[in-house]
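As the structure is a computational prediction, the values presented were derived from the model and not from experiment. Convention: sequence-line order gives letters A, B, ...; per-chain numbering from 1.
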There are 4 protein chains.
Amino acid sequence: MRSTEGPDGPGSADDTDTADGIVPHPTGPRSQRVHQAVLTATKELLTEGGYPAATVDAIAARSGVSKATIYKHWPSRAAVAAKAFGELMARALPLPDTGTAVGDLTEQVVRVSAFYASPLGEVFAQLTAACVDDPAGAAYFREYFLAGRRRAVTELWQRAVDRGEADAGIVVDDVIDILFGPLIFRRLTGHRELTDEHARTLVATALRGLLPDASRPQH
Amino acid sequence: MRSTEGPDGPGSADDTDTADGIVPHPTGPRSQRVHQAVLTATKELLTEGGYPAATVDAIAARSGVSKATIYKHWPSRAAVAAKAFGELMARALPLPDTGTAVGDLTEQVVRVSAFYASPLGEVFAQLTAACVDDPAGAAYFREYFLAGRRRAVTELWQRAVDRGEADAGIVVDDVIDILFGPLIFRRLTGHRELTDEHARTLVATALRGLLPDASRPQH
Amino acid sequence: MRSTEGPDGPGSADDTDTADGIVPHPTGPRSQRVHQAVLTATKELLTEGGYPAATVDAIAARSGVSKATIYKHWPSRAAVAAKAFGELMARALPLPDTGTAVGDLTEQVVRVSAFYASPLGEVFAQLTAACVDDPAGAAYFREYFLAGRRRAVTELWQRAVDRGEADAGIVVDDVIDILFGPLIFRRLTGHRELTDEHARTLVATALRGLLPDASRPQH
Amino acid sequence: MRSTEGPDGPGSADDTDTADGIVPHPTGPRSQRVHQAVLTATKELLTEGGYPAATVDAIAARSGVSKATIYKHWPSRAAVAAKAFGELMARALPLPDTGTAVGDLTEQVVRVSAFYASPLGEVFAQLTAACVDDPAGAAYFREYFLAGRRRAVTELWQRAVDRGEADAGIVVDDVIDILFGPLIFRRLTGHRELTDEHARTLVATALRGLLPDASRPQH
DNA sequence: CTCTAAACGAGACGGTACGTCACGTCTTCGG
DNA sequence: CCGAAGACGTGACGTACCGTCTCGTTTAGAG
């Protein structure tokens with residue numbers, strides 16, 4: 001168990017532990033150096049050439065960390081990439097604060113949409129795809145993306161509830177699925193463009209369904 | 001161009017041509033045999049072992065069609081699989097007719113959800129993932145899945161509009177994204193279960209946003 | 001069977017088939033090119049850096065033949081090296097013809113001893129060692145070395161018998177073992193030097209045991 | 001130099017120092033425990049799974065001695081194995097005493113042949129092979145095997161000389177090479193079986209060459 | 001009923017990356 | 001200060017599947 005998981009694998013951080021049974025082990029200074037070097041190299045490679053460029057060999061070469069060691073820290077290539085990309089993405093999407101629930105959620109969806117439409121959005125899609133056939137990587141993916149998204153939306157939704165704009169009875173996970181599912185669907189299948197306008201339309205419609213009548217945006 | 005596309009590649013059929021510039025070439029009897037043999041073999045392999053099992057070598061071996069010939073008919077492995085799986089899926093999802101727009105759309109979403117949750121749903125996810133890095137395959141994917149889904153929803157939505165239950169001003173593509181995006185999101189990331197109950201909750205919320213006040217389901 | 005053996009694996013050549021069950025398959029022009037390229041590259045690498053240098057990766061790189069293809073032609077690295085080195089060695093050791101059995105056999109042993117003492121002798125030792133843990137390679141080794149040696153000694157021994165110098169009742173394999181075993185023993189273990197003088201002493205003693213009294217060399 | 005050699009490396013014991021420049025360092029009680037634990041573990045591993053099983057990691061794990069410590073006592077894996085196997089072999093081959101030189105030497109060769117043919121013979125071959133590319137290990141190999149063999153044969157040969165059966169002018173090393181070289185040759189290359197009968201034939205022929213006419217066995 | 005041009009089966013091939021193994025070194029910390 | 005524990009770099013391994021290619025062999029359909 002611990003031998004196949006890195007010092008801060010999915011779920012190690014805190015309450016967001018996704019119950020994948022992944023537990024960290026005590027980290028020495030050596031491990032930290034390795035850990036950071038790998039993630040830094042991976043971020044660079046992902047940025048430069050997307051997921052296909054983030055070969056384990058390439059990561060090893062650039063980071064100066066051997067393949068064998070990489071595989072001691074992470075269960076698969078997808079896991080490394082998920083962790084690295086998670087760190088990349090976190091910075092790109094700060095929480096908005098427009099003063100209203102509708103405004104905040106709309107803004108957040110638009111930002112995420114824009115992110116998906118950017119070059120890094122391509123990487124996101126590749127990573128999502130890679131995790132479909134890699135359960136180990138998927139655990140990391142869930143921890144480093146979805147958990148992050150979830151925390152953000154939970155925060156915003158809670159604000160809305162506190163302000164009386166939203167119905168406290170709605171499960172946050174449903175909010176997430178309805179707000180972001182459509183974006184991800186488009187991004188992955190490429191069947192339609194991801195523009196801000198599209199995003200605003202989607203979020204407006206979704207919020208009409210999610211919010212109580214008084215708070216709902218109109219068509 | 002045409003030399004890399006099969007006799008009935010995406011867009012070859014009719015008005016659903018997705019403008020990917022894919023055009024078929026005249027088909028002889030030989031081609032038809034080959035075509036069918038490949039698809040049949042691929043369907044079997046997909047059913048038995050999912051996308052990973054549908055290796056081009058495996059398809060060639062089982063169908064008796066050589067790899068070179070397969071690549072004369074389809075641009076990539078993903079394309080073959082998309083076409084084959086499209087045929088598999090079509091049968092599994094007939095149009096519902098409950099008498100109401102809300103009922104029809106709900107039923108359709110629930111059926112699709114159940115399909116995604118079934119073993120074939122796994123294949124669907126794999127296929128979606130495979131097309132992320134394969135533009136050629138993606139064209140087939142869009143033609144053989146999304147187009148099919150789109151036609152079905154368009155039909156249902158039109159019924160709703162005709163019955164005065166739905167607002168004719170809403171773009172069908174948005175309906176599709178909002179109804180199915182969340183399902184696909186869950187299926188691909190595996191972050192939550194796909195149960196009928198979840199599906200009903202999602203569709204109810206989505207329809208509250210999509211339908212005019214008079215037709216909307218309540219929380 | 002055939003799929004793992006190259007066009008002229010051990011035993012394919014003729015009557016010397018060592019009964020390892022290795023059978024060649026019909027060779028196309030592609031295979032021939034590959035085959036030759038690999039052997040040429042391997043010979044160069046063996047000559048330059050010995051067996052350790054004849055990495056499969058290195059062979060692939062230098063020959064322009066991919067690793068996968070190499071493994072389609074030979075069962076292991078040792079097998080490739082054995083075949084290649086066999087060709088190298090064959091040229092280095094022509095049959096002597098001094099006019100007498102004692103002279104011919106002595107000369108042959110001295111030449112082999114000198115070969116073992118040369119840089120290529122090091123490669124020979126490495127190859128022998130490599131085959132200890134590689135049954136597949138060992139089959140090639142036996143075919144391409146021992147068979148070659150055996151043919152040579154058989155020829156010389158037969159001459160001796162024909163001239164009435166040697167006893168027809170002695171099994172050639174015993175002759176080989178007694179004449180060359182000591183040399184190989186020394187070369188492998190490095191416990192003593194391999195000089196011409198040592199070789200002559202050994203062969204003289206051995207022949208005293210092998211030949212009838214009349215033909216025997218004296219101490 | 002000494003830092004890489006154990007407390008009783010090759011040549012440390014006595015006059016049989018093979019001039020490889022290997023010198024022991026003073027041994028404390030800790031070292032002794034470590035030393036013995038390692039050798040015991042190695043013997044077990046060699047017996048159970050041959051040389052391939054006697055991984056340094058495996059030895060460390062089983063003996064409770066760390067890898068770093070092992071490398072303080074021996075220069076390489078092969079060296080540890082050589083020392084350990086030397087102790088295993090010593091017990092298996094006591095000196096014969098049949099009353100005649102011919103009898104003793106024959107018996108000794110037959111016993112060694114039987115040993116080579118046994119499971120431990122496989123290990124012997126692997127060890128010999130391993131030392132080809134490991135000069136440091138080779139030094140140990142020579143000390144713990146060849147020296148042992150040499151002492152035994154020297155003893156037997158001396159008896160023969162004392163009894164007037166053997167010629168005092170023959171170098172013992174030549175005797176060794178001629179008697180055992182053929183066996184080792186067969187064992188390593190696997191080109192022929194190692195049976196008692198073969199061994200007797202070989203030794204008879206060899207002795208015909210080695211012994212004065214009066215003592216020689218006949219064909 | 002040929003005869004030619006295309007379609008085809010078979011499968012070799014180069015390429016790229018995978019994940020694994022064991023060696024021997026080096027670091028950390030406990031007794 | 002020695003030694004246990006074990007992380008680490010290194011270098012090679014053998015495998016998998018992709019998509020391309022070359023070879024002969026069918027097989028149509030035109031003349």
- Note on the structure: Of the candidates E:dA12, E:dG9, F:dA4, the side chain of B:T69 sits closest to E:dG9
- First encountered from the 5' end of DNA chain F, between A:S66 and C:A68: A:S66
- Message: Below 30° counts as parallel, above 60° as perpendicular, anything between as tilted: where do the rings of B:F141 and B:F124 land?
- Response: tilted
- Report the distance from atom CD of A:Q32 to atom P of E:dT27, rounded to the nearest whole Å. 17 Å
- 5' priority, DNA chain F, between A:I70 and C:A54 [closest heavy atom]: A:I70
- Item | E:dC13 phosphate, OP1 or OP2, under 4.0 Å from C:S31 side-chain N/O | yes
- Item | Side-chain N,O (A:H73) to OP1/OP2 (F:dA7) below 4.0 Å | no
- Task: Answer yes or no: is there a donor N or O on one side and an acceptor on the other, between the side chain of D:S63 and the main chain of D:V65, under 3.5 Å?
- Result: yes
- Residue mapping more 5' on DNA chain E - nearest nucleotide basis, D:V56 or C:V65: C:V65
- Length of the line joining B:I59:CD1 and E:dG11:C1', which is rounded to integer Å: 17 Å
- Item | Side-chain N,O (B:R77) to OP1/OP2 (F:dC18) below 4.0 Å | yes
- Task: Without swapping roles, check the side chain of D:S66 against the backbone of D:T69 for a donor-acceptor pair under 3.5 Å.
- Result: yes
- In whole angstroms, how far is the P atom of E:dG9 from the CZ atom of B:R62? 17 Å
- Query: Within the structure, does a side-chain N or O atom of B:R33 lie under 4.0 Å from either OP1 or OP2 of E:dG9?
  - Reply: yes
- Nearest-Å distance, OH (D:Y71) to P (E:dT27)? 17 Å
- Taking the six-membered ring of C:Y71, is NZ or CZ of C:R77 closer than 6.0 Å to its centre and within 45° of its axis? no
- Distance, rounded to the nearest Å, where C:K72 contributes NZ and F:dA16 contributes P: 10 Å
- Item | Length of the line joining D:D133:CG and E:dC23:C1', which is rounded to integer Å | 14 Å
- Would you kindly give the CG-to-P distance between A:D57 and F:dC13, to the nearest whole Å? 15 Å
- Figure out the OH/C1' separation between D:Y51 and E:dC23, and round it to whole Å. 10 Å
